[in-house]
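Working notes for the structure below.
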Amino acid sequence: MKIFNSYTNSLETFVPYHEGQVSMYVCGPTVYNYIHIGNARPVVFFDVVRRYFEAIGFTVKFVSNFTDVDDKIIQKAISEGVSELDVSNRFIAAFLADVEKLGSKTDYIKPRVTEYMPQIIAYIQEMVNKGFAYIVDGDVFFSVDKIPEYGKLSNRKLDDLLSGSRIEVNDKKKNPLDFVLWKRTVEGVHWNSPFSVGRPGWHTECVTMIDDIFSEEIDIHGGGIDIMFPHHENEIAQSLACKGHRCANIWMHNGRLNLEGEKMSKSEGNVVWVKDLSVDPMAFRMFLLSTHYRAPIAYSQDSLDSYVNEWQRLKKSVIGIFVTLDYNSVYHINCEITDPDITAIISAFTESMENDFNTANALTAVNQALKIINNLMRQKTDYERMNQILKAMNYMLMILGLSIDQVPLTANDKDLLARWEAARKAKDFQLADVLRNELAHKNLV
RNA sequence: GGACCCAUAGCCAAGAGGAAAGGCAAGGGACUGCAACUCCCUGAUCGUUGGUUCGAAUCCGACUGGGUCCUCCA
């Protein structure tokens, strides 16, 4: 298994710290609003990573946080006259609904910043004690000069960063690149700490939760490429300071999704919300997976629409072959896949996934399987092969999170199918059309 | 201003030194009671331009055109 590691900027062979186990953490949402389709990309992609590891036999400990302490949450709470908890609870629920809608698993570990305040304060204290952080008027800053390799992840030099013209001036900082660990404030939700009354900066939460939950360097840390700097860079710096390791062995970053060439962001106002998706969410998921995760995607309604067709085609054929097998009472979920064409497809699929999760090529294998299904469905006689290809197809779709429901036929369904078949045989096309409509309504034809 | 990435058929998109995957759309044909579905067939010297090489979409340079980060953003 090869994975591109942003930290070393190279494709690496994945070797887990503990055999048969994968520990992974993905930066989660700041819960002050709904998520847009760009936010959906890591939600879908890292779910596929998890599913693949699980499919090939790994036990995956998957953690993704909720940032529920943030300026925007406080502002929203103030403007709505409710508590921060009200705001975050509302958008956590909305987020999980969207995740489910996108076909990603929701049964992962979901720590919240507000539940980790003692650990966060202790982590900051440790950085102060070890001389990596300093306190000025109750604010705590991390001193990036203390970390020689600062900038390695995002491939930046401190000098280049300093020459950027937009770094804000802050007299309290020793180095303009130093970042805030703790901010003294009584506005909004705040906590007591040895430094002052205030709240933590946003870079410490992830690294604290990772340390608390895993107690060691993890296998994979994921997130969007746009938070590689400074967020992930800062996580590494803090982890090196406190724990002496880089927080994660492999750093994975998904590319951006841009709206018709333009950057989509809440502050720009050009946003498509996941909750408002106008197409089948599975078609959207397919659209996301049809481009390699590290490449940017230019979203447009047109490019999305072609996947609507593709998804419908796939769904119809998979349901069709299942119905045919079940109707003829020859469906064998545990059949053994021996057909060389079918094993070749699974091999191609696996090879693609093993090559840095190349889901675009994995979908090509799905299309090959679809072609075989459609060919078999013209004859509807080779039940053995039909069972094998359906099993292979379901395996691939399960990993991609594009599962298609295959509900066993009821006696009534079977009766309907039998009567339709009989009507056509008897050339009673009027009755046949009525029955066909009924079957179509039930998605059985 | 600084750092970096990308450019493959009408559209989307793999491939990363040795014969241009796949999908959508389009056209032709087959199948069909009708329709849909489905099946078969049809398409690219890989932005332009120099170079390196026996050989370049793949490596290097220049140019053009997009985009990202340096600032809250996934």
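Order of the sequence lines fixes the chain letters, A, B, ..., with proteins taken first and strands second; residue numbering starts at 1 for each chain.
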Which part of the nucleic acid, if any, lies within reach of [X] when heavy atoms closer than 4.0 Å are counted: base, sugar-phosphate only, or nothing?
{"X": "Asp71(A)", "answer": "nothing"}
{"X": "His292(A)", "answer": "sugar-phosphate"}
{"X": "Phe229(A)", "answer": "sugar-phosphate"}
{"X": "Asp302(A)", "answer": "nothing"}
{"X": "Arg41(A)", "answer": "nothing"}

Atom pair distance, as rounded to whole Å: [atom1] in [X] and [atom2] in [N]:
{"X": "Ile225(A)", "N": "rC70(B)", "atom1": "CD1", "atom2": "C1'", "result": "14 Å"}
{"X": "His253(A)", "N": "rC5(B)", "atom1": "NE2", "atom2": "C1'", "result": "15 Å"}
{"X": "Phe429(A)", "N": "rU32(B)", "atom1": "CZ", "atom2": "P", "result": "12 Å"}
{"X": "Leu376(A)", "N": "rC37(B)", "atom1": "CG", "atom2": "P", "result": "20 Å"}
{"X": "Ile227(A)", "N": "rA74(B)", "atom1": "CD1", "atom2": "P", "result": "8 Å"}
{"X": "Phe4(A)", "N": "rA14(B)", "atom1": "CZ", "atom2": "C1'", "result": "18 Å"}
{"X": "Lys316(A)", "N": "rA35(B)", "atom1": "NZ", "atom2": "C1'", "result": "11 Å"}
{"X": "His36(A)", "N": "rC73(B)", "atom1": "NE2", "atom2": "C1'", "result": "7 Å"}

Considering only [options], which nucleotide approaches the side chain of [X] most closely?
{"X": "Asn361(A)", "options": "rA21(B), rU38(B), rG33(B)", "answer": "rA21(B)"}
{"X": "Asn258(A)", "options": "rC34(B), rA14(B), rG67(B)", "answer": "rG67(B)"}
{"X": "Trp202(A)", "options": "rC72(B), rG22(B), rA74(B)", "answer": "rC72(B)"}
{"X": "Arg424(A)", "options": "rG33(B), rC12(B), rA74(B)", "answer": "rG33(B)"}
{"X": "Ala295(A)", "options": "rA74(B), rA25(B), rA14(B)", "answer": "rA14(B)"}
{"X": "Asn358(A)", "options": "rG23(B), rA14(B), rC12(B)", "answer": "rA14(B)"}
{"X": "Thr364(A)", "options": "rC73(B), rG22(B), rG67(B)", "answer": "rG22(B)"}
{"X": "Ser306(A)", "options": "rA74(B), rC24(B), rG33(B)", "answer": "rC24(B)"}
{"X": "Thr291(A)", "options": "rA13(B), rG33(B), rC39(B)", "answer": "rA13(B)"}

Check whether any side-chain N or O of [X] sits under 4.0 Å from OP1 or OP2 of [N], and answer yes or no.
{"X": "Asn254(A)", "N": "rA74(B)", "value": "no"}
{"X": "Arg256(A)", "N": "rC69(B)", "value": "yes"}
{"X": "Asn367(A)", "N": "rG22(B)", "value": "no"}

So that I know where these two stand, are [X] and [Y] an aromatic pair - ring centroids less than 6.0 Å apart?
{"X": "Phe53(A)", "Y": "Phe14(A)", "answer": "yes"}
{"X": "Tyr34(A)", "Y": "Phe91(A)", "answer": "yes"}
{"X": "Phe214(A)", "Y": "Tyr25(A)", "answer": "no"}

In whole Å, measure the gap between the [atom1] atoms of [N] and [M] for me.
{"N": "rU8(B)", "M": "rA44(B)", "atom1": "C1'", "result": "8 Å"}
{"N": "rG18(B)", "M": "rA56(B)", "atom1": "P", "result": "11 Å"}
{"N": "rC73(B)", "M": "rU45(B)", "atom1": "P", "result": "46 Å"}
{"N": "rA26(B)", "M": "rC12(B)", "atom1": "C1'", "result": "15 Å"}
{"N": "rC11(B)", "M": "rA35(B)", "atom1": "C1'", "result": "28 Å"}
{"N": "rU53(B)", "M": "rC60(B)", "atom1": "C1'", "result": "12 Å"}
{"N": "rG17(B)", "M": "rU42(B)", "atom1": "P", "result": "30 Å"}
{"N": "rG43(B)", "M": "rG23(B)", "atom1": "P", "result": "14 Å"}

Tell whether Asp433(A) reaches the base of rG33(B) with its side chain through a donor-acceptor pair below 3.5 angstrom. yes
Check: rA36(B) base within 3.5 Å donor-acceptor of Arg436(A) side chain: no
Under 3.5 Å on both distances, the Watson-Crick or G-U partner of [N]:
{"N": "rA19(B)", "result": "none"}
{"N": "rG65(B)", "result": "rC6(B)"}
{"N": "rC37(B)", "result": "none"}
{"N": "rA26(B)", "result": "rU42(B)"}
{"N": "rG1(B)", "result": "rC70(B)"}
{"N": "rA57(B)", "result": "none"}

Hey, which of these two, Lys72(A) or Leu363(A), hits RNA chain B nearer its 5' end, going by closest nucleotide? Leu363(A)
Return the 5'-most residue of the pair Gly255(A), Pro230(A) with respect to RNA chain B, ranking by each residue's nearest nucleotide. Pro230(A)
Any non-hydrogen side-chain atom of Arg246(A) less than 4.5 Å from a side-chain atom of Ser239(A)? no
For the pair His231(A) and Trp202(A), name the ring-plane relationship: parallel under 30°, tilted 30 to 60°, perpendicular over 60°. parallel
Name the orientation class of the two ring planes belonging to Tyr331(A) and Phe322(A) (parallel below 30°, tilted from 30 to 60°, perpendicular beyond 60°). perpendicular
Using the rule given for ring-ring contact (aromatic ring centres under 6.0 Å, His included), can you reason through Phe141(A) versus Phe179(A), listing the C-alpha separation, both sets of side-chain angles and the distance that settles it, and then say yes or no? CA-CA 5 Å; Phe141(A) 298 97; Phe179(A) 54 92; 9.4 Å; no
Show the numbers, then the answer: is there a side-chain hydrogen bond (donor to acceptor under 3.5 Å, both in side chains) between Ser303(A) and Ser300(A)? CA-CA 5 Å; Ser303(A) 55; Ser300(A) 73; 3.0 Å; yes
Answer yes if the side chains of Gln406(A) and Asp326(A) hold a donor-acceptor pair under 3.5 Å, and no otherwise. no
